[in-house]
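To start, the structure under review is shown below, and the notes come after it.
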Amino acid sequence: MTRPRARALSFAVALSLQFLAGAALAQQAPDLAQQAREAAWAGRTAEALHLLERHLAAHPGDRAAQLDRARWLSWRGDYAGAIEALDALGGDDDEARAVRARVLAWAGRRDAALALNTPLYEADPQNYDHAWTQAVAARLGERPQEALPALERARALKPEGRDTEILTKAVRLPLYSTVGAPVSVYSDSDDIEIRSAGLEADVRVAEDLRLLASAVRRDHSAPVGGPFAPVTGGDSIDEDRLQLGLRYAFSPDAALELMLGRSRLDGLTGRDDSETIGRLAFSHQASDAFAYTLAFERDRIAYSPRALSLDIVRDGVRADLQWRPTLRDTLRAGVAFDDFSDDNRRRALSADYRHAVYRGEQALVDLGVQGEWLDFTRDPGNGYYSPDNYRRIAPVLGAYVRLGEEAGMTLTAALGVQRDDTFTSWRRASDVSVAFTFGIFTPWQLVATAGYSERLNEFGRYEGTSFGLILRYRFCGHRPAQCP
């Protein structure tokens, strides 16, 4: 914002106006600050920040206004900007530490937020703001129930009000159990089509234990006589999948998940074929900035009806890493090693870096870059793309658009280039996906997704599209003590 500047036409005029100008600013500044607070309370954060910047231009030493600015920046998702505003104060008192703790809690920095806020909360447990921040921070991680005592304290101190309503929604959301009904359809320029419908459940049966279940029916089809048709004849093959599992939280930072089940194929010329499938995964939030998941997996190769009819099974190990060195930067990476039952092996690396470039009331925007490397030991011609030394790199745009208190849209677009051992030059590669979520906090939630990919590979020009819907119902009535 432009700072007010006195414009003197002469030394005499400046002297005569000095007192009047100072008096006018003295009356205007409190009005601007109050107008800013009223706009913020009404949910007009951008307007509030605009007014507050004008106020601070005239009164840069107003510490209360500087703290308000940090709060309001965090309300629009600009956590890095909020921390920078607090750093500019030149030292923390209890009030500044409390604001810093709240910003870090909303930013997902659980340990740092609790380290700052817990001493304040324990010293003054009747302070609503301290209880509020304690609940927001404690809900993060694998044991969200640790937020319940602080939530109850905050609700007792202020039973009604917008802040208490927001806090209650934020704390109770990870405590819900859910059942869902996902459906999807995939089709591509190779005339492969995969339709899927199923049921899934995630039920919280104890403070540290969740039971998981999934049942899916998938129909795979490709033209008769084509390179992707089932080897057993016909143009389709069906798969039924049933899995049961559990997720156990060792601590707020670590959990183990196990899923086991069976995959059964139909359409194999009068015979059925079943395979054991499953996943064992260990997740650990090693610090506020770094998390990883290690997983062992067994599953079918279902890239096409041909691959599925050949009963190719994949045994693999995978590591997924996430590093957030700053509040604006996120790096995700994955590495995988797989053995296929058709004597093929795959090695894969992927990375995705995002930098926050815009944070506003209605939208959040990130820019970054994606990279991918894929390598198979051979190409068996079994109905799946198995390149040697495949590489892809692409700039990526990620955005979240707020469509209301209970709805939002997520958009990702990566437009880059690719190359494998058969290419003489780099070729275009594109990916676009969008997801609409309706019912962010409500018991019923609907998520609609769509995706598009464009590639060139050994099978020619490839274009694939996918569409999906999932209807979820959240419930917590079987554990009423966990449903504040």
Side-chain angles (χ1 to χ4, degrees), residues 180 182 184 186 192 194-203 209-220 228 230-232 237-248 250 254-268 271-284 292-321 332-350 372-387 390 466:
S184 65
Y186 164 87
I192 296 172
I194 302 173
R195 296 179 179 273
S196 176
L199 295 172
E200 60 184 27
D202 180 339
V203 181
L209 184 66
R210 287 180 173 271
L211 295 184
L212 312 173
S214 173
V216 181
R217 171 78 172 186
R218 291 178 181 169
D219 302 325
H220 304 72
F228 302 106
V231 297
T232 51
I237 185 169
D238 301 330
E239 180 191 17
D240 294 315
R241 299 165 63 89
L242 177 63
Q243 291 182 280
L244 299 175
L246 56 85
R247 184 177 182 88
Y248 178 73
F250 294 98
L256 185 70
E257 182 176 309
L258 174 66
M259 290 288 288
L260 286 175
R262 298 287 288 177
S263 165
R264 184 175 65 86
L265 300 181
D266 289 336
L268 297 183
R271 67 182 178 88
D272 293 337
D273 189 22
S274 296
E275 286 285 352
T276 298
I277 58 174
R279 184 173 187 266
L280 175 65
F282 175 74
S283 301
H284 183 211
Y292 64 91
T293 298
L294 301 177
F296 300 90
E297 301 171 334
R298 178 178 175 82
D299 207 344
R300 291 187 184 274
I301 298 300
Y303 301 146
S304 71
R306 177 181 177 84
L308 196 60
S309 68
L310 288 169
D311 196 19
I312 304 171
V313 177
R314 171 183 63 88
D315 293 306
V317 59
R318 179 176 181 86
D320 291 298
L321 317 173
R332 295 181 178 89
V335 56
F337 301 92
D338 298 296
D339 278 329
F340 289 25
S341 59
D342 62 353
D343 295 325
N344 206 1
R345 290 184 176 83
R346 177 177 63 182
R347 298 175 296 170
L349 293 173
S350 63
E372 181 182 2
W373 175 78
L374 189 63
D375 181 73
F376 284 79
T377 55
R378 67 191 189 94
D379 181 7
N382 285 337
Y384 61 91
Y385 179 52
S386 50
Y390 173 85
S466 62

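Just so it is clear, the values below take in all heavy atoms, side chains as well, and ignore hydrogens, waters and symmetry mates. Positions are given from 1 along the sequence.
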ask   = Strictly by modelled atom types, are T276 and R262 linked by a side-chain donor-acceptor pair under 3.5 Å?
value = yes
pair L308-R218: side-chain heavy atoms closer than 4.5 Å = no
message = Using the side-chain hydrogen bond (donor to acceptor under 3.5 Å, both in side chains) criterion, which residues pair with D375? Sequence neighbours excluded.
response = R347
inquiry  = Check whether S309 reaches the backbone of P230 with its side chain - one donor and one acceptor, N or O, closer than 3.5 Å.
reply    = no
request  = Return the set of residues passing side-chain contact (heavy atoms from CB on, under 4.5 Å) with F296 (not counting sequence neighbours), or none when no residue passes.
outcome  = V317
note = Sorted by chain and number, sequence neighbours left out, side-chain hydrogen bond (donor to acceptor under 3.5 Å, both in side chains) with E275 holds for R298
task = Please identify each residue that fulfils side-chain contact (heavy atoms from CB on, under 4.5 Å) with D339, with sequence neighbours left out.
result = R345
query = Looking at R217 and D266, does any basic side-chain N land under 4.0 Å from a carboxylate oxygen?
reply = yes
query = In chain order, what residues pass the side-chain contact (heavy atoms from CB on, under 4.5 Å) check against L310, with sequence neighbours excluded?
reply = V231, R306, I312, N382
query = Residues two or more places apart in sequence or in another chain: which of them pass side-chain hydrogen bond (donor to acceptor under 3.5 Å, both in side chains) with R279?
reply = E297
ask   = Sub-3.5 Å donor-acceptor pair from the side chain of S386 to the main-chain atoms of F376, do we have one?
value = no
query = Which heavy atom of D342 sits nearest a heavy atom of Y384, and at what distance?
reply = OD2-OH, 2.7 Å
key: Lys/Arg N to Asp/Glu carboxylate O, D219 vs R195, below 4.0 Å   = no
